[in-house]
Amino acid sequence: MKITLSKYLILILLFSCSCQNSKSIQQDDEEFTLTGEVIGSNTKQIILTYRKNANFINDTIFVHNGKFRTKGIISSPIMAYLKGNIKKKGTSDPNYYSFFLEPKKINISLVEDKFKQAKVIGSVTQNEYERLKLVVDPLKEEVKLINKDAKALRATKKSNTDKNFYNEKLKEISQKYSIKNNEIKAIQLKYVKKHPNSYLSAYLLDIYSSKISINEIKPYYSNLSPEIKTSFYAKRIKSKIELAENSEIGKPTPLFITNDIEGEEFSLEMYKGKYVLLDFWADWCVPCIKRFPDLKSIYEKYNSKGLEIVGLSLDKNIESWKKSVKKNNINTWNHIYIGRQNVKGDSIFKSFNVRTIPALILINKDGIIEGRFLGADNKYKFSDLEQKLNEIF
C-alpha cells in the first residue's frame with residue numbers, strides 16, 4: 001500500500017496530540033530502576049549499555065528465573081542498548097534491542113531471539129520514539145529495498161555491455177534513495193520543530209547535527225525548551241555549534257602544538273606571514289589519494305609565492321601513514337599524524353570541525369581561516385579553492 005508524505009505528516013499530527021509531555025520528567029531525579037523478564041531458557045545474563053556523561057556504562061545483569069533488575073544514575077533520557085545471547089555483530093542481531101532509558105522506574109519484557117519485539121513500560125520518550133517509528137519505519141524499509149536494487153545492479157556491472165543503460169539505471173536508483181531519505185528527514189525534523197519539550201527531539205537533532213550543516217541545525221536547537229537544552233543530547237549539539245562557530249571562515253585558526261613526521265615539534269605559528277592549506281586525508285580514503293596530483297600542482301605553482309601545505313592524516317597507524325606519504329611522493333610538504341582513532345575528543349580534527357575527508361582549510365597570513373573546501377564545507381569544491389588561490393596570488 002502506497003502512503004504519501006502528506007499522509008505521514010497527518011499521522012504525526014494525530015499521534016503528537018496524544019504524546020505525554022517529556023517536560024514532566026524531573027531533571028533532578030537521576031536514579032533509574034530497570035526491571036524485566038526474559039522468555040527463554042538460554043539467556044543467563046543481559047548486558048545493559050548506556051552513556052553517563054562522556055562515558056559508556058556496561059552493566060552485566062544476571063537473569064534469575066527469567067527475571068532481572070538493576071539500578072543506575074543518569075541525568076536525562078538516554079538511548080540504551082540491551083544484549084542477550086548475541087549471535088552476530090551489529091544491531092540486526094535478534095538478541096539486541098535499543099530503547100530510551102529514563103531516570104525513573106522502567107520495565108521491559110523480552111523474548112529470546114525476538115528482542116526487537118520488546119515491550120517497554122515507564123519511558124515517556126520511548127513511547128514517543130515508538131509512535132514516530134510507526135511513521136518512519138515503512139520509509140526505511142523502502143530505503144533498504146532501494147539499496148538492495150543498487151547492490152544487485154552493481155553486481156552486473158562487469159557483465160553489462162550497455163554502460164549507458166547501467167549508469168542511467170544507477171542514477172535513477174540514487175535519485176530514489178535521496179528522495180526517500182529526504183522524506184525521512186522532513187518527517188523527523190518536523191517532529192523536532194513541533195515538539196520543543198521532547199527529549200526525543202534533542203536525540204534526533206543530535207543525529208542530524210552530523211549529517212546537515214550547523215547553520216541548518218541552529219534554528220531547531222534555539223527552539224528547544226530550556227529544560228531540554230540541559231539534556232545530554234542537547235549539550236552535544238551546543239558543543240558542535242560552538243565548534244563550528246569557532247572554526248568558520250573569518251575566525252582565528254584553532255592553535256595546536258604537536259610533532260611532525262620527522263618527530264620535530266610543530267605549530268602553525270611556524271608559518272606566520274604565509275598562507276597555509278591544511279589537507280585532512282588518509283591512505284584508506286580513495287578520493288584523498290586521487291586529489292594528490294592537484295595538490296602537487298598547487299604547491300609547485302604557489303609555494304614560492306608564500307603558500308605552505310600541511311597534511312593531517314587519519315590513517316589507522318603511524319607506519320601506514322609514513323608509508324603512504326612516501327608511496328604517494330607528497331613529502332615535499334609537512335605532515336602531521338592525527339590517527340583514525342583520535343577524531344573525537346579534543347583532537348585537531350574536531351577543533352577544525354571537519355566532518356568528512358578529503359577536507360581542505362585555507363589559512364591566511366594573519367592566522368585567520370580564509371576558506372573551507374570539500375569535506376570541510378560541502379558548499380565549496382576544489383575548483384573554488386583554485387579560484388581563491390588565483391585571486392590571492
Side-chain angles (χ1 to χ4, degrees), residues 9 12-13 15-32 34 48-57 72-82 91 97-104 106 120 122-137 140 181 184-246 344-345 350 353 355:
L9 297 178
I12 287 182
L13 292 175
F15 76 68
S16 66
C17 296
S18 63
C19 283
Q20 297 182 54
N21 193 333
S22 294
K23 193 176 179 181
S24 63
I25 301 168
Q26 296 299 313
Q27 194 72 25
D28 58 355
D29 183 10
E30 296 185 338
E31 183 178 79
F32 71 84
L34 178 67
L48 171 67
T49 302
Y50 60 95
R51 295 191 72 150
K52 183 180 177 184
N53 300 321
N55 301 315
F56 278 100
I57 305 296
I73 301 294
I74 53 175
S75 60
S76 61
I78 197 88
M79 183 60 79
Y81 312 92
L82 283 176
T91 60
Y97 182 65
S98 58
F99 70 105
F100 276 96
L101 187 63
E102 296 192 0
K104 51 172 41 175
I106 308 292
V120 180
S123 173
V124 175
T125 309
Q126 180 65 19
N127 292 341
E128 296 178 13
Y129 182 58
E130 289 177 0
R131 289 188 177 99
L132 187 58
K133 275 171 66 66
L134 291 175
V135 179
V136 173
D137 280 1
K140 288 186 175 180
N181 275 301
I184 294 171
K185 173 186 171 184
I187 290 170
Q188 292 181 324
L189 289 181
K190 186 176 180 69
Y191 187 93
V192 172
K193 185 177 181 179
K194 294 291 184 180
H195 299 82
N197 293 323
S198 171
Y199 288 101
L200 176 58
S201 293
Y203 169 77
L204 293 171
L205 195 57
D206 181 49
I207 291 174
Y208 278 103
S209 67
S210 299
K211 296 181 178 181
I212 61 180
S213 72
I214 291 298
N215 286 332
E216 193 175 349
I217 290 293
K218 284 181 183 179
Y220 292 101
Y221 172 78
S222 297
N223 189 51
L224 294 177
S225 71
E227 183 175 1
I228 300 302
K229 284 182 178 177
T230 66
S231 69
F232 170 77
Y233 295 113
K235 287 179 179 177
R236 289 215 309 186
I237 298 165
K238 182 181 179 182
S239 177
K240 292 175 184 178
I241 291 173
E242 290 174 346
L243 278 171
E245 289 177 341
N246 291 334
K344 297 180 180 180
K350 186 175 179 180
N353 191 36
R355 298 193 169 202

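Worth saying up front: this structure is predicted, and the values here are computed from it rather than measured. Sequence positions, counted from 1, serve as the residue numbers for this chain.
- Side-chain atoms of Tyr208 and Ile217, non-hydrogen and from C-beta on, do get closer than 4.5 Å to each other.
- Interatomic distance, CZ of Phe32 versus CG of Leu48, reported as 5.5 Å (0.5 Å rounding).
- Of all heavy-atom pairs between Ala202 and Ala234, the closest is CB-N, 4.0 Å.
- A pairwise comparison of heavy atoms in Gln188 and Leu132 identifies CG-CD2, 4.5 Å as the closest pair.
- Nearest heavy-atom pair across Leu224 and Ser201 is CD2-CB, 4.1 Å.
- Taking OG of Ser231 as the start and CD1 of Ile237 as the end, the distance is 7.0 Å to the nearest 0.5 Å.
- Annotation: cation-pi geometry satisfied between Lys133 and Tyr129 (NZ/CZ under 6.0 angstrom from ring centroid, within 45° of ring axis).
- Here the closest non-hydrogen pair linking Ile106 and Leu101 is CG1-CD1, 4.3 Å.
- Rounding to the nearest 0.5 Å gives a distance of 11.0 Å between CD1 of Ile57 and CD1 of Ile74.
- Under a cutoff of 6.0 Å and an axis angle of 45°, Lys229 and Tyr221 form a cation-pi pair.
- Annotation: salt bridge (Lys or Arg N to Asp or Glu O under 4.0 Å) contacts of Glu245 (sequence neighbours excluded): Lys218.
- One N or O on the side chain of Gln126 and one on the backbone of Phe100 form a donor-acceptor pair closer than 3.5 Å.
- In this structure, the separation between CD1 on Ile187 and CG on Leu204 is 11.5 Å, given to the nearest 0.5 Å.
- Rounding to the nearest 0.5 Å gives a distance of 13.0 Å between OH of Tyr233 and CG of Leu205.
- Nearest heavy atoms, Ser210 versus Arg355: C-NH1, 3.7 Å.
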Check the pair Glu128, Tyr199 against side-chain hydrogen bond (donor to acceptor under 3.5 Å, both in side chains), reporting the backbone distance first and the verdict last.
CA-CA 9 Å; Glu128 296 178 13; Tyr199 288 101; over 6 Å; no

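- The heavy-atom pair separating Tyr203 from Met79 by the smallest distance is OH-CE, 3.5 Å.
- Note that CG of Asp206 and NZ of Lys238 are 15.0 Å apart. Values are rounded to the nearest 0.5 Å.
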